[in-house]
Amino acid sequence: MTAHGADVQDGDGQAGADSRTDRKQSPAIEVPAARERARAIPEAAVARLAVYLRALSGLADQNVNTVSSDELAVVAGVNSAKLRKDLSYIGSYGTRGVGYEVAVLVGQIERTLGLTRKHSVAVVGIGNLGHALANYGGFPSRGFPVSALFDLDPDLVGVPVGGIPVDHIDDIVEVCSEREVTIGVIATPAQGAQEVCDGLVAGGVTCILNFAPVVLQVPEDVEVRKVDLAVEMQILSFHVARRQQEAAAAADRSDVDGADIGPPGGGGRVPGEVESANRMVERL
């Protein structure tokens with residue numbers, strides 16, 4: 001895949017200048033600027049940046065060097081205008097007639113998402129969900145290796161899962177500190193989740209992915225992302241129901257538009273019925 005569409009320039013008309021300038025700047029100049037841009041990125045755009053990174057990584061694996069915004073948008077499943085807006089948050093505007101350099105854009109997104117630093121993951125609660133997460137190959141392949149596992153069950157403690165022996169929950173602080181864990185995944189029942197969270201924070205963990213159905217209390221410098229699968233299913237159900245309602249409303253409009261409303265005395269509807277149908281059409 002090569003670029004064949006023109007990407008938009010920035011407001012000064014200096015297409016591609018920012019990306020070329022960024023590569024020439026010293027780290028002392030570049031890092032603060034990147035931090036300022038990161039603070040201004042909307043939450044929804046951050047999630048899409050992760051999707052763009054996955055798409056770009058796939059292109060890089062195929063030895064693709066450049067990609068247009070239209071091409072990348074198709075791969076990522078978004079519209080090209082939104083993609084260009086999202087990438088403008090990280091100071092990447094592409095080059096007119098060329099598009100984006102895949103390797104450069106990967107580096108920009110990785111810096112923005114904090115993926116240039118070393119991460120280490122701990123999973124707490126090795127039940128069905130925790131067991132699956134411990135064995136998930138997508139974590140290490142994207143820079144999030146699992147280095148610690150914890151559970152209360154004495155039958156699990158000491159047993160390797162995904163090649164890593166399970167430690168007892170009582171050892172969270174010590175193990176997380178020794179292995180420099182930065183991200184904790186809580187896959188425990190609601191009861192005890194806060195205590196687990198406190199242990200992770202005490203062990204130096206600054207990011208927590210919470211699958212437990214409970215709101216965790218953490219210090220201001222600790223980030224928590226809550227994943228509630230039941231809520232996600234309810235959201236999906238809402239969207240399905242809304243589409244069904246829209247389809248039903250469209251069908252009703254079609255029935256009204258196609259109704260046989262004839263002239264009075266001509267075998268069709270009487271005038272009162274015609275007015276009633278017209279009012280119904282107007283309301284729709």
Side-chain angles (χ1 to χ4, degrees), residues 31 34-35 38-39 43 46-47 49-51 53-54 57 106-107 109-232:
V31 172
R35 287 175 180 168
R39 292 192 185 100
E43 189 76 13
V46 173
L49 286 176
V51 175
L53 180 58
R54 181 176 60 189
S57 297
V106 165
I109 295 177
E110 286 181 340
R111 286 195 299 274
T112 301
L113 297 180
L115 300 180
T116 54
R117 60 173 292 194
K118 178 183 177 182
H119 286 289
S120 181
V121 179
V123 179
V124 186
I126 312 302
N128 290 333
L129 176 58
H131 197 279
L133 293 171
N135 283 287
Y136 177 51
F139 286 155
S141 67
R142 295 181 187 175
F144 301 96
V146 176
S147 61
L149 306 174
F150 301 96
D151 202 278
L152 276 173
D153 190 343
D155 292 334
L156 286 174
V157 174
V159 177
V161 177
I164 301 172
V166 177
D167 286 296
H168 196 277
I169 280 182
D170 291 344
D171 299 325
I172 283 181
V173 177
E174 180 182 357
V175 173
C176 286
S177 179
E178 288 179 351
R179 302 180 188 177
E180 299 182 338
V181 173
T182 57
I183 299 176
V185 179
I186 299 178
T188 68
Q191 183 179 7
Q194 183 63 56
E195 184 177 354
V196 166
C197 175
D198 294 340
L200 290 169
V201 173
V205 173
T206 55
C207 302
I208 294 175
L209 184 62
N210 179 33
F211 286 91
V214 64
V215 176
L216 299 174
Q217 304 300 319
V218 298
E220 291 185 359
D221 60 339
V222 175
E223 293 290 334
V224 176
R225 295 285 296 182
K226 180 173 175 53
V227 181
D228 192 323
L229 299 180
V231 169
E232 296 300 326

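Every heavy atom of this structure was used, including side-chain atoms; hydrogens, water molecules and symmetry mates were not.
Residues passing the side chain to side chain contact (heavy atoms under 4.5 Å, CB included) test with Asp198, sequence neighbours excluded: Gln194. Under the side chain to side chain contact (heavy atoms under 4.5 Å, CB included) criterion, Pro154 pairs with no residue, sequence neighbours left out. In terms of the salt bridge (Lys or Arg N to Asp or Glu O under 4.0 Å) criterion, residue partners of Glu43 (sequence neighbours excluded) are, by chain and number, Arg225. When the side chain to side chain contact (heavy atoms under 4.5 Å, CB included) test is applied to Val201, the partners found at least two apart in sequence or on another chain are Cys197, Ile208, Pro219, Val222. With sequence neighbours excluded, the residues satisfying side chain to side chain donor-acceptor pair (under 3.5 Å) with Asn135 are His131. In this structure Val173 satisfies the side chain to side chain contact (heavy atoms under 4.5 Å, CB included) test together with Ala202, sequence neighbours excluded. For Arg54, there are no salt bridge (Lys or Arg N to Asp or Glu O under 4.0 Å) partners two or more places apart in sequence or in a different chain.
Summarising the geometry of Leu49 relative to Ile109, their closest heavy-atom pair is O-CG2, 3.7 Å, with the distance given to 0.1 Å. The shortest non-hydrogen separation linking Ala122 to Cys176 is CB-SG, 4.3 Å. Annotation for Val205 and Thr182: closest pair CG1-O, 3.5 Å, computed over non-hydrogen atoms.
Sorted by first then second residue, the side-chain hydrogen bond (donor to acceptor under 3.5 Å, both in side chains) pairs that include residues 143-165, not counting sequence neighbours, are Ser120-Ser147. Among residues at least two apart or in separate chains, ring pair (Phe, Tyr, Trp, His ring centres under 6.0 Å) pairs with a member in residues 135-167 are His119-Phe144, Tyr136-Phe139. Legend: salt bridge (Lys or Arg N to Asp or Glu O under 4.0 Å) pairs involving residues 157-184, not counting sequence neighbours, sorted by first then second residue: Asp167-Arg179.
We find the CD1-CG distance between Ile164 and Leu149 to be 5.0 Å, quoted to the nearest 0.5 Å. To the nearest 0.5 Å, atoms NZ (Lys226) and CG (Leu216) are separated by 7.5 Å.
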